[in-house]
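Working notes, structure below.
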Amino acid sequence: MSRIIYRLFIILFMISGTGIAQEPKIGDIPDGNRTPYVHSIPLLDEEGMVISPDDKVPMPFSLKQTCTECHDYGRISSGRHFNYYDPEVSPGRRGEPWVLVDPVSATQIPLSYRDWKGTLRPERFGLSPFLFTEKFGRHLTGGGVSENDSTESSDIYLRWMVSGKAEINCLGCHDIEPGHDQSQYDLQISKQNYRWANAATSSFASVYGSAKEMPDNYDIYSGVVHDIKNAVPPSVEYAGTRFDSKNKVVFNLTREIPEQRCSFCHSAFAVSENGVNNWKADKDVHLAAGLKCVDCHRNGLDHSIIRGYEWEYDNSEDQASASFSCSGCHIRDYDSPVPQSGRMGAPYPSHTGLPEIHFEKLSCTACHSGPWPDSEAQKVKLSRVHALGTHIVKKENDAAPAVFSPVFVRDDDGKISPHRLIWPSYWAFMQGDSIVPAAPGDIQAIALTVLREDTVTYSANIANLLAGKLPEFSKDQIIGILDSLSTLYPDGGMPVYICGGKLFSLSGSGDISITEHPAAEPYTWAFAHNVRPAEQSLGIRGCGDCHSMDSPLSLGIVKADVPFDFSEGSALRMVSFQGKGPFYPRVFALTFLFRPVMKYIITICCVVIILVILLYALKGLDAISKNT
Amino acid sequence: MLRIVTFTVILSAVIWLAVVMRTRRAAIKIFLMNTISGAKGSFIKVKKPRSLDFRSILKCLDDLAFFTAVISAVFLAITGFLPYLLFGRPVTGYPLVLHVTISPFFAVSMTVLILLRAQSHVFRSSDKQMKSNVDKKNAGSTSETETSGKICFWLIAVLTPVLMGSIILCMYPLFGMEAQKFLLTSHHISALLFIVIVFYNIHVKTKSAITIAETEK
């Protein structure tokens, strides 16, 4: 009997330890004290062993093991930055994609694991989770696909064993040490040092070597590699002075994440003809006012960070989170049980002279965000798309891919808001109605051969490639590549080239046929920063900012980088993204030519009528008083 | 709520007018023909102003202004209310362009009408007497319809600057979001009231026309 009770006790004890009835971890329950907790903690490796600087083969510290002592890593990993790989998670509004760029084949493709219309899945281009991590891990946060040691093939699985998983990089956001170097993350990821990447960003660890050069049977605990000349195995060295007498290290962490941490992945600037003039550009007005990104883009333990667009929480009961939007902070909501507006000193905008219809047709960002719109959408460079802040960045203004902004698009909530736009460009096969992308590796070889054959344009195109730009294929070169594809893959379907909003294919006569196709449509995603001050908002100079014959909001042009100059060349008006033609904005703009005259006429008429009424009213009063 | 009220008011006014007009079809026809022919004639005369004396010029202006006011009011009512009633959204798109283009014509024509007709719609002591002495036998009498017509005229005269002023004030950079909503609602309600009073005025005028015709018989 006592044995049965003892066994039952053990089973109960085990159940309580497995998380079925899991208590929140100590670091996840705030006690209300605003003073940040001092993180003087031991470093643990991925096996949970304490790291000492005197270790013979020091292992990189694992943030999953080190932080999970006090924080629920599993709950954190469900957050927005990490859950892109989960098909159960709602994708929400279209966001910035990853862009696969191959300059040789003039390829630029928006990719995403989230189900955003217009993007393609990375695996369609041969990017397994491992290769996706290597390609784009420079600006990944760790976790998500980078922790997915997929078993799709034994080769890939063995590489995961050597490289390790790229765990969530908590330091990437929360570390405020001056010595924190996020660009080291890119360097280590490019060497497939996934296990070492987080440690490399810290100020007290230095990582050497490359897992990429290691064989599949490399033993990370031995630190020795045989039979490969000049290969340096991945290793880490710690600054001994950072360890105290108890082998603990102090992490300088914060919940109030500074803007610089966010900027590594979320920087954007317009590329002007005069080059990048950062010192002339202004900060976002919120940052200039002293706010941090996380003051609005908040999250709880689950790291479900608020994106901040107006309809983000439309179907949610979480109205407190819904208040973290432009209108939530700036506009009074009389229906709210508790006033939420004005938080953090948000001024109330009077919008004098602005008819109410504008708030139904336009988002706040249409007038307040991004650079002042010009007659043509400008090119812009983005952190994640152009690898800004990394060692592989191409600093030329028109380095691929070409991203255009602002493009005023009618969003899913029916309001016009500023977007960024990319024209997909890739080679594919048309099988019936569907488009099947061609393997980039195959296209590279064919494209390079074709480029080399044309000695006239060869050197110019090579110069473009070296500068990170896409080559300019001539019509004959495109025909040559399509011909080669149809020869190599006779059963693959009709080879096509998608570029600049058009689909290029071979016609029966051997010439190029240019048609429209949904796969060639540009991919757009909304943006909200940098917010301009009120004195630089659209409409500040009057209605003519938008209601004019050359209004950038409706009649501005978005050009496509096309491979050669064809007569139908791609250049769309902004109105084509708003569900209407260019005629109506022009007609409406015409009314504004005569609007001042109309206003004066009607004002004078009102005054005259009022004077007439006053005159006869006074006469009537006079008559009444005389009668009485 | 406002949409329901608007729909109810307009529908009621239209149905009421239609029912009433069934009995006064002839009078309406005469009224419309007189208006159109008057405007036509005035338009021709105005082309040669030297051949006219001052009173004739004013009469021509009055006819033209009346014709313009009626036509423009009809267009403004349709472009202003129909999209709102059908789609529940404020006026936008091509109806808004039409509405904005026609509005100055309405404003000028109403101003001219009020200027020219104000004197003839001054209340006299006879109006006061007639009102207090009216009995059932005199109900619908010419005098009573004249008084009702005057009341309608001045109500329209008061509503017109409210109707125009409320929307024109929106176009100046003077008022913020809250006031813009108020002004737009004022424009909406004053337009509704304007329609109701105009319909009643039509009823009064046609009733007067029938009474005159019966008296002459």
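Chain naming here is simple, since letters A, B, ... match the order of the sequence lines and numbering starts at 1 in each. We use all heavy atoms of the structure for the numbers below, so side chains are in, but hydrogens, waters and symmetry mates are not.
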Could you look at [X] and say if it's the side chain, the backbone, both or neither that has a heavy atom under 4.5 Å from chain A?
X	answer
B:Phe106	neither
B:Phe123	neither
B:Val122	side chain

(message) Checking an interface table here. Which of residues 157-171 of chain B come within a heavy-atom distance under 4.5 Å of chain A?
(response) B:Ala157, B:Val158, B:Thr160, B:Pro161, B:Met164, B:Gly165, B:Ile168, B:Cys170, B:Met171

Please verify the inter-ring angle class for [X] with [Y]; under 30° counts as parallel, over 60° as perpendicular, anything in between as tilted.
X	Y	answer
B:Phe81	B:His188	perpendicular
A:Phe592	A:Phe588	perpendicular
B:Trp154	A:Tyr616	tilted

(message) If we define contacts as heavy-atom pairs under 4.5 Å, which of B:Thr101, B:Val112, B:Thr92, B:Leu184 has the most with chain A?
(response)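 Between B:Thr101, B:Val112, B:Thr92, B:Leu184, the count favours B:Thr92.
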
Does the Lys NZ or Arg CZ of [X] fall within the cation-pi geometry relative to [Y] - under 6.0 Å from the ring centre and within 45° of the axis?
X	Y	value
A:Arg332	A:Tyr348	yes
A:Arg307	A:Tyr313	no
B:Lys150	B:Phe153	no

Per-residue contact mode, [X] against chain B (heavy atom under 4.5 angstrom):
X	value
A:Phe359	side chain
A:Tyr584	both
A:Lys619	side chain
A:Ile331	side chain
A:Ile601	side chain

(request) Check whether any side-chain N or O of A:Ser551 sits under 3.5 Å from a backbone N or O of A:Cys546 as a donor-acceptor pair, and report yes or no. (result)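 Yes, the answer is positive, given that a donor and an acceptor are paired below the 3.5 Å cut-off.
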
(message) Using a 3.5 Å distance criterion without hydrogens, assess whether the side chain of A:Arg298 forms a donor-acceptor pair with backbone atoms of A:Asp295.
(response) yes

(request) Taking atom types as modelled, find out whether A:Arg410 and A:Ser417 have a side-chain donor-acceptor pair closer than 3.5 angstrom. (result) no

(request) Please lay out, stage by stage, how A:Arg541 and A:Asp545 fare under the test salt bridge (charged side-chain N to carboxylate O under 4.0 Å, His left out). (result) CA-CA 7 Å; A:Arg541 301 179 304 187; A:Asp545 279 350; 3.1 Å; yes

